Amino acid sequence: MKRLLCFLLILGWCIDSVHAQLHLNAKLQNNHLWRGMEVADGIVLLTDFNYSMADNHVTVGLWGGVNSEGSYKEFNHYLSLKAGGWHLDLWDTYNFSPGATYNNKQYWNYSAHETGRFLDMTVGYRFDKKKIPLALSWSTVVFGRDRNSGNTQQKYSTFVYAECQLYNNNGWKVDTGVGGGFALNKAGEDAHFFGTKAGIVHISLRAGHDLKLGNYTIPVYVNGMWNPQSNQSYFQLGAEIINF
């Protein structure tokens with residue numbers, strides 16, 4: 001699996017570099033929310049450094065997250081392919097937070113029975129926003145720490161998601177989304193990576209606005225997320241502080 005990842009990353013770098021560009025993006029938030037879960041709280045800094053090529057059809061990148069308390073640390077690699085409204089994303093995710101209950105000390109360990117990382121593959125389609133303001137995606141954990149309690153089988157936990165834009169006017173954008181989780185291979189259990197049983201695990205309502213400060217524009221946003229299965233809800237406030 002490690003060799004496959006390295007091959008994909010090298011392939012991405014070697015593809016024709018027409019209109020290739022480097023991008024750096026950083027966000028400050030009061031927490032990090034992902035697929036119905038609060039991954040981290042406190043002041044969180046999320047950073048994305050990527051290289052896009054072939055007219056933005058291919059992107060390879062590094063993504064990192066850390067919070068002010070030092071209890072959350074994450075470093076990921078990813079490859080993204082885009083064509084028309086379609087996209088295919090492969091994320092190699094490694095959360096090495098100090099309090100993790102899995103292997104968080106061996107970054108390059110890709111042994112299926114021991115690794116603390118997981119590979120997540122997403123296929124999605126975004127319709128023309130002017131006609132149908134809707135985006136759909138299917139994500140499956142294809143390798144890593146998504147195994148049954150006996151550590152004998154991969155569960156292939158899956159998250160299906162639909163997002164719809166409700167409002168876009170006067171610099172404001174409002175989106176709502178709903179996502180469900182289940183395991184393609186239950187392996188004798190109901191639980192999966194995103195919840196304790198198959199069902200809706202994510203409902204969100206997000207509003208964003210471009211804040212003008214002199215010659216600078218800072219996108220700010222608020223996000224409410226509810227998880228009906230875990231009976232939890234979270235509120236997020238964030239700002240994009242770097243984008244070039």
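All values reported here derive from a predicted model rather than from experimental measurement. Residue numbers start at 1 and run along the sequence shown.
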Review point. Does a side-chain heavy-atom distance below 4.5 Å link Leu90 with Leu88?
Key: no
Check your understanding: Do Thr59 and Ser52 have side-chain atoms, one donor and one acceptor, less than 3.5 Å apart?
Key -> no
Exercise for review: Would you check if the side chain of Asn227 reaches a backbone N or O of Gly36 as a donor-acceptor pair within less than 3.5 Å?
Suggested key: yes
Study note, to complete from the structure: Ala83 and His57 have their tightest heavy-atom pair at CA-ND1, 4.2 Å
Review point. Without hydrogens or angle criteria, can the side chains of Asn25 and Glu240 be said to hold a donor-acceptor pair below 3.5 Å?
Key: yes
Point to revise | Members sharing Leu166's hydrophobic cluster (side chains within less than 4.5 Å) | key: Tyr167, Trp172, Val174, Val178, Ile200, Ile203, Leu205, Trp226
Practice item. Check whether any side-chain N or O of Asn76 sits under 3.5 Å from a backbone N or O of Gly65 as a donor-acceptor pair, and report yes or no. Key: no
Practice item. Search all heavy atoms of Lys82 against all heavy atoms of Asn56 and return the closest pair with its distance. Key: CD-O, 4.0 Å
Point to revise | Sub-4.5 Å side-chain heavy-atom contact between Trp34 and His202 | key: no
Practice item. Go through the side-chain N and O atoms of Thr122 and Ser137 and say whether any donor and acceptor fall under 3.5 Å apart. Key: no
Check your understanding: Do Gln236 and Tyr221 have a side chain donor and acceptor closer than 3.5 Å?
Key -> no
**Study point:** Side-chain donor-acceptor contact under 3.5 Å, Thr217 with Asp210
**Key:** no
Review point. Does the side chain of Asn109 pick up a donor-acceptor pair with the side chain of Glu114 at under 3.5 Å?
Key: yes
Practice item. Working to the nearest 0.5 Å, report the span between CG of Leu119 and CZ of Phe143. Key: 7.0 Å
Revision key, fill the gap. d(His113 NE2, Gln154 CD) to nearest 0.5 Å is 9.5 Å
**Study point:** Side-chain donor/acceptor of Asn50 to backbone N/O of Val60, under 3.5 Å
**Key:** no
Check your understanding: Are the aromatic ring centres of Phe193 and Phe118 under 6.0 angstrom apart?
Key -> yes
Point to revise | Modelled atom types, side-chain donor and acceptor of Asn31 and Gln29, under 3.5 Å | key: no
Check your understanding: Under a single-linkage definition using a 4.5 Å side-chain heavy-atom cutoff for Ile, Leu, Val, Met, Phe, Trp and Tyr, are Tyr110 and Tyr156 assigned to the same hydrophobic cluster?
Key -> no
Practice item. Any chance you could measure Asn95, atom CG, to Asn104, atom CG, to the nearest 0.5 Å? Key: 8.5 Å
Exercise for review: Test Trp108 against Gln106 for side-chain contact (heavy atoms from CB on, under 4.5 Å), laying out the working first.
Suggested key: CA-CA 6 Å; Trp108 292 113; Gln106 295 178 307; over 6 Å; no
Check your understanding: Would Leu211 and Tyr216 show up in the same hydrophobic cluster when neighbours are defined by side-chain heavy atoms closer than 4.5 Å?
Key -> no
Practice item. Write down the atom of Leu136, the atom of Ala162, and the distance for their closest heavy-atom approach. Key: CD2-CB, 3.6 Å
Check your understanding: Are side-chain heavy atoms of Asn223 and Ser204 found at a separation under 4.5 Å?
Key -> yes
Check your understanding: Are the ring centres of His23 and Trp63 closer than 6.0 Å?
Key -> no
Point to revise | Short side-chain to backbone donor-acceptor contact, Asp92 and His77, under 3.5 Å | key: no
**Study point:** Reported NE2-to-CG distance for the pair His32 and Leu45, which is rounded to 0.5 angstrom
**Key:** 11.5 Å
Exercise for review: Could you check Arg35 against Asp120 for salt bridge (Lys or Arg N to Asp or Glu O under 4.0 Å), going step by step and ending with a plain yes or no?
Suggested key: CA-CA 12 Å; Arg35 298 181 184 176; Asp120 182 84; 2.9 Å; yes
Check your understanding: Is it true that Tyr234 and Leu46 fall in one hydrophobic cluster, defined by side-chain heavy atoms closer than 4.5 Å?
Key -> no
Point to revise | Ring centre gap for Phe96 and Phe75 strictly below 6.0 Å | key: no
Point to revise | Ring centers of Phe194, Phe159 separated by less than 6.0 Å | key: yes
Check your understanding: If you measure from the Lys or Arg side-chain nitrogens to the Asp or Glu carboxylate oxygens, is any gap between Arg206 and Glu163 under 4.0 Å?
Key -> no
Check your understanding: Asn148 and Glu189: side-chain donor and acceptor closer than 3.5 Å?
Key -> no
Exercise for review: Would you check, one step at a time, whether the test side-chain contact (heavy atoms from CB on, under 4.5 Å) holds for Asn168 with Lys173?
Suggested key: CA-CA 5 Å; Asn168 185 359; Lys173 293 181 181 180; 3.6 Å; yes
Point to revise | Minimal non-hydrogen separation, Asn151 against Arg147, with atom names | key: OD1-NE, 2.6 Å
Point to revise | His192 and Phe182 aromatic centres sub-6.0 Å | key: no
Check your understanding: Can any side-chain N or O of Arg145 pair as donor or acceptor with the backbone N or O of Gly116 at less than 3.5 Å?
Key -> yes
Review point. Is a donor on one side and an acceptor on the other found under 3.5 Å between the side chain of Asp128 and the backbone of Ile132?
Key: no
Review point. Does Lys105 offer a backbone N or O that forms a donor-acceptor pair with the side chain of Asn103 under 3.5 Å?
Key: yes
Practice item. Mind checking the CG-CG spacing from Asn30 to Asp41? Nearest 0.5 Å is all I need. Key: 9.0 Å
Check your understanding: Is there a donor-acceptor contact under 3.5 Å from the side chain of Ser97 to the main chain of Lys73?
Key -> yes
Review point. Under 4.5 Å between any side-chain heavy atoms of Leu62 and Asp48, yes or no?
Key: no
Review point. Are Leu28 and Leu237 connected in the hydrophobic side-chain network, where two residues link if heavy atoms are under 4.5 Å apart?
Key: no
Review point. In the single-linkage hydrophobic clustering (I, L, V, M, F, W, Y; side-chain heavy atoms under 4.5 Å), do Leu134 and Val123 co-cluster?
Key: yes
Exercise for review: Measure the spacing between CZ of Phe49 and OG1 of Thr47 and express it to the nearest 0.5 Å.
Suggested key: 11.5 Å
Check your understanding: Any idea which heavy atoms bring Ala239 and Val220 closest together, and the distance?
Key -> CB-CG1, 3.9 Å
Exercise for review: Determine, step by step, whether Asn185 and Gln153 satisfy the side chain to side chain donor-acceptor pair (under 3.5 Å) criterion, reporting the C-alpha distance in whole Å, the side-chain angles of both residues, the deciding distance to 0.1 Å, and the verdict.
Suggested key: CA-CA 8 Å; Asn185 177 26; Gln153 298 182 53; 3.0 Å; yes
**Study point:** N/O donor-acceptor pair under 3.5 Å between Asp190 side chain and Thr196 backbone
**Key:** no
Point to revise | Exam field: side chain Lys155 to backbone Ala191, donor-acceptor pair closer than 3.5 Å | key: yes
**Study point:** Nearest non-hydrogen partners of Ser80 and Asp89, listed with the distance
**Key:** OG-OD1, 2.6 Å
Practice item. Answer whether the closest heavy-atom distance between the side chains of Glu74 and Thr93 falls below 4.5 Å. Key: yes
